[in-house]
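Along the sequence shown, residues are numbered consecutively beginning with 1.
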Amino acid sequence: MLISHDMHETRVAVVENRRLVELYIERPKRSVVGNIYLGKVRDVLPGMQAAFVDIGLEKNAFLYVDEVVTPEGVAGAPRRDIQSLLKPGQQLMVQVLKDPMGTKGARVTTEVTLPGRFLVLMPFSAFVGISRKLPDEERDRLTSIIEPLVPEGIGVIVRTAASGAAEKDLQGDLEFLLRLWRRVQAQAREGLAPEVVYTEMDLALRLVRDAFGETFRRLVVDDRRVYEKVTSFLRKSAPKLVRRVQQHKDKEPLFQSYGLQPEIESAVLREVPLASGGHITIDKTEALTSVDVNTGSYVGRKNLEDTALRTNLEAAAEVARQLRLRDIGGIIVIDFIDMEDPRNRQEVVSRLSRELELDRTKTRVSEMSRLGLVEMTRKNVTDGLYGVFTEPCPCCNGEGRVLSDTTRRIIVERSLREVLVSGKASAYLVGLNPQTYALVNAPGNNTLALLRSETGKRVNVIADPDVGPIEVRLLIEGKAAVPGSEND
């Protein structure tokens with residue numbers, strides 16, 4: 001796991017077998033998933049069996065009837081009516097399940113959960129569950145430890161990270177979560193809707209808590225403050241993992257030293273090449289994401305069926321990786337190359353399912369149809385890299401997408417910093433695309449001043465129409481003039 005932090009964003013990458021498989025980005029406008037709000041019901045819609053709740057965001061949040069927890073529980077009332085549960089103006093505590101996306105507000109629930117390192121606390125559920133990813137023997141051991149510790153009327157899920165954890169570690173995690181829940185309740189009692197009463201951890205700590213474990217060889221962090229925050233958290237929750245945390249101190253940027261930048265840049269491209277010469281294309285629509293598999297330049301050796309099978313197996317692994325990398329959610333339809341043999345179709349589906357077992361996000365895969373189509377779903381929590389990196393094209397009425405202004409500015413400023421840090425000269429003249437030049441020099445953006453202060457080098461930029469949108473073209477490098485001299 002690699003964590004890179006600068007003034008613009010925090011990036012967390014997961015690398016398996018030297019390949020980037022997951023990438024998470026948090027900018028100042030951060031995700032609100034996991035946050036708990038004291039909200040106010042604005043509208044109750046019996047025709048949709050849902051309500052809209054004001055939680056202080058730009059758009060009201062959506063609350064479906066099955067996400068409303070009452071004393072009798074969801075199971076106790078199979079035909080509940082939203083109008084009998086909620087009234088306009090009513091205050092209630094809700095937790096965000098999905099970020100606002102496009103024209104839709106956040107998706108919320110009243111069934112609050114609080115995640116810890118080893119446990120997830122469910123204050124409104126008297127249920128104790130153990131991760132199904134653990135072997136039966138370990139599940140039995142954890143059940144015998146945790147059940148006597150959980151207060152009556154409180155629910156707990158034991159996470160996969162609890163494998164091998166001692167009783168004192170589980171008890172400490174539970175006590176921390178119970179104290180946190182009492183603070184949330186007190187904040188809600190004293191608050192006035194709409195108000196946030198609990199904010200989820202920032203991206204770096206959240207990924208360390210939820211994902212970093214014994215299966216990781218190391219965690220590398222390039223920012224001193226984030227490094228100290230991560231190690232402090234692990235000393236309290238998982239001391240054995242602290243020795244696997246390293247601080248990146250080289251001049252070369254962390255992601256560049258691991259060769260990740262080309263993979264990150266390709267994560268928004270429509271076409272993804274396969275090693276054999278084939279490729280997959282990924283297209284996002286309002287309703288679903290479609291993935292098409294093509295043989296491309298691969299012509300095979302034996303027959304058409306064998307060529308299709310080999311390409312499909314290779315594509316199945318790449319599709320699973322791309323879903324994780326791009327964080328694609330919702331309905332996904334994969335159009336594999338047609339195969340006549342039912343055993344071959346089953347082999348491809350099995351390969352896809354095995355690769356998806358590495359995905360921490362919940363997925364469901366259907367059987368392959370006679371036409372070679374596989375329908376699947378992946379839990380949709382965020383807008384994914386596509387939503388972070390791009391925005392609707394202003395020239396085609398939303399038919400396409402382009403890199404957002406924020407993304408372009410961050411990429412160019414990061415490239416400028418790399419030029420100054422790696423270069424030996426003391427002064428530089430750089431050409432930028434006119435639109436990018438305007439972004440870098442926008443009022444209130446003191447990028448050049450910060451770069452001069454950080455590196456001790458002079459840098460000036462000019463607008464050059466021959467330079468690409470995210471290109472940084474070095475025009476002149478040399479020695480800075482001495483202030484007061486004739487050449488100053």
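- Put simply, CG on Asp327 and OG1 on Thr361 are 6.0 Å apart, with the number rounded to the nearest 0.5 Å.
- Asn433 and Val467 make their closest contact through ND2-O, 3.0 Å (heavy atoms, listed as atom of the first residue, atom of the second, distance).
- Heavy atoms of other residues, nucleotides or ligands lying less than 6.0 angstrom from CZ of Arg364 number 12 at most.
- Judged by the 6.0 Å distance and 45° axis criteria, Arg401 is positioned over the aromatic ring of Tyr386.
- One finds no salt bridge joining Arg11 and Asp6 here, because no Lys/Arg side-chain nitrogen approaches an Asp/Glu carboxylate oxygen to under 4.0 Å.
- Side-chain contact between Val158 and Ile145: absent, with no pair of heavy atoms (C-beta onward) separated by less than 4.5 Å.
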In residues 114-133, what donor-acceptor pairs under 3.5 Å come from side-chain atoms, sequence neighbours left out?
residue : atom : partner : partner atom : Å
Arg117  : NH1  : Val208  : O            : 2.8
Arg117  : NH1  : Arg209  : O            : 3.2
Arg117  : NH1  : Phe212  : O            : 2.9
Arg117  : NH2  : Phe212  : O            : 2.7
Ser131  : OG   : Lys133  : N            : 3.2
Ser131  : OG   : Thr160  : OG1          : 2.7

Subject >> Steps toward salt bridge (charged side-chain N to carboxylate O under 4.0 Å, His left out) verdict (Glu214, Arg244) >> reply: CA-CA 9 Å; Glu214 294 291 341; Arg244 303 192 186 191; 2.7 Å; yes

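- In plain terms, the two heavy atoms of Met339 and Val348 that are nearest each other are CE-CG2, 3.6 Å.
- No donor-acceptor pair closer than 3.5 Å links the side chain of Asn35 to the backbone N or O of Val196.
- Of the possible donor and acceptor atoms, none in the side chain of Gln256 sits under 3.5 Å from a partner among the backbone N and O of Gln261.
- No more than 12 heavy atoms of other residues, nucleotides or ligands lie within 6.0 Å of CD1 in Ile331, so this atom counts as exposed by the packing criterion.
- Gln95 places a side-chain N or O within 3.5 Å of a backbone atom of Thr113 that can act as its donor or acceptor partner.
- Counting heavy atoms from C-beta outward, Ile3 and Leu219 have side chains that approach closer than 4.5 Å.
- Paired with Arg321 under the rule salt bridge (Lys or Arg N to Asp or Glu O under 4.0 Å), one option of Glu16, Glu355, Glu263, Glu22 passes, and it is Glu263.
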**OP:** For the pair Leu241 and Phe216, evaluate side-chain contact (heavy atoms from CB on, under 4.5 Å) and give the outcome as yes or no after the intermediate values.
**Re:** CA-CA 9 Å; Leu241 295 177; Phe216 283 82; over 6 Å; no

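- No more than 12 heavy atoms of other residues, nucleotides or ligands shown are found within 6.0 angstrom of CZ on Arg310.
- In this structure, Ser232 contributes its side chain and Glu228 its backbone to no donor-acceptor pair below 3.5 Å.
- Side-chain contact between Asp405 and Gln435 is absent, with no heavy atoms from C-beta onward closer than 4.5 Å.
- Of all heavy-atom pairs between Val459 and Arg452, the closest is O-NH2, 2.7 Å.
- Ala188 and Met93 make their closest contact through CB-CE, 3.5 Å (heavy atoms, listed as atom of the first residue, atom of the second, distance).
- In this structure, the separation between CD1 on Ile411 and OG1 on Thr406 is 11.0 Å, given to the nearest 0.5 Å.
- Put simply, the side chain of Thr110 does not reach to within 4.5 Å of the side chain of Glu67, judged on heavy atoms.
- Applying the ring-ring contact (aromatic ring centres under 6.0 Å, His included) test to Phe62 and every residue at least two apart in sequence or in another chain returns Phe52.
- Side chains of Leu260 and Leu2 form a contact here, defined as non-hydrogen atoms less than 4.5 Å apart.
- The closest side-chain heavy-atom distance from Val108 to Tyr37 is not below 4.5 Å.
- Judged by distance alone, with hydrogens and angles left aside, the side-chain atoms of Gln247 form no donor-acceptor pair with the main-chain N or O of Tyr227 at under 3.5 Å.
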Original post:
Hey, mind stepping through Gln346 and Met368 against side-chain contact (heavy atoms from CB on, under 4.5 Å) and telling me if it holds?
Top reply: CA-CA 7 Å; Gln346 182 56 49; Met368 183 182 293; over 6 Å; no

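- In this structure, the side chains of Gln187 and Ile36 stay at 4.5 Å or more apart for every pair of heavy atoms.
- For the pair Arg378 and Asp359, the salt-bridge criterion is met [side-chain N within less than 4.0 Å of a carboxylate O].
- The CD atom of Glu305 sits 4.5 Å away from the CG atom of Asn344 when rounded to the nearest 0.5 Å.
- Between Lys229 and Asp202, at least one side-chain nitrogen of the basic residue sits less than 4.0 Å from a carboxylate oxygen of the acidic one, meeting the salt-bridge criterion.
- A salt bridge is defined here as a Lys NZ or Arg NE, NH1 or NH2 lying under 4.0 Å from an Asp or Glu carboxylate O, and Lys457 with Glu477 fails to meet this definition.
- Side-chain contact, Glu391 with Ser404: no donor N or O sits under 3.5 Å from an acceptor N or O.
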**OP:** Begin with the C-alpha distance, continue with both residues' side-chain angles, and end with the deciding distance and a verdict on side-chain contact (heavy atoms from CB on, under 4.5 Å) for Lys104 and Lys59.
**Re:** CA-CA 7 Å; Lys104 299 178 181 178; Lys59 294 183 176 66; over 6 Å; no

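- One N or O on the side chain of Thr143 and one on the backbone of Arg139 form a donor-acceptor pair closer than 3.5 Å.
- Inter-residue side-chain proximity for Tyr24 and Arg206 is flagged as unmet; no heavy-atom pair is nearer than 4.5 Å.
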**OP:** Start with the C-alpha distance between Leu323 and Val319, add both sets of side-chain angles, then the distance that settles side-chain contact (heavy atoms from CB on, under 4.5 Å), and finish with yes or no.
**Re:** CA-CA 6 Å; Leu323 295 183; Val319 167; 4.2 Å; yes

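- In this model, a donor atom of one side chain and an acceptor atom of the other lie less than 3.5 Å apart for Tyr198 and Glu200.
- Atom SG in Cys393 sits 11.5 Å away from atom CG in Leu403 (nearest 0.5 Å).
- Donor-acceptor pairing under 3.5 Å is lacking for the side chains of Glu167 and Gln171.
- Looking only at distances, a side-chain donor or acceptor of Asp222 sits under 3.5 Å from a matching main-chain atom of His5.
- Leu385 and Leu325 get closest at one heavy-atom pair: CD1-O, 3.2 Å.
- In this structure, CD1 on Ile25 lies 13.0 Å from OG on Ser31, to the nearest 0.5 angstrom.
- Inspection of the Thr363 and Arg324 side chains reveals no N or O donor paired with an N or O acceptor under 3.5 Å.
- Of all non-hydrogen atoms in Thr109 and Glu111, the two that sit nearest each other are OG1-N, 3.0 Å.
- Remark: side-chain polar atoms of Glu418 are not paired, donor with acceptor, to backbone N or O of Pro253 under 3.5 angstrom.
- The main-chain N or O of Val226 is found under 3.5 Å from a side-chain atom of Asp223 such that the two form a donor-acceptor pair.
- Around atom CD of Glu375, no more than 12 heavy atoms belonging to other residues, nucleotides or ligands sit under 6.0 Å away.
- No donor-acceptor pair closer than 3.5 Å links the side chain of Thr289 to the backbone N or O of Gly329.
- Taken to the nearest 0.5 Å, the OG1 atom of Thr436 stands 10.5 Å off from the CD atom of Glu413.
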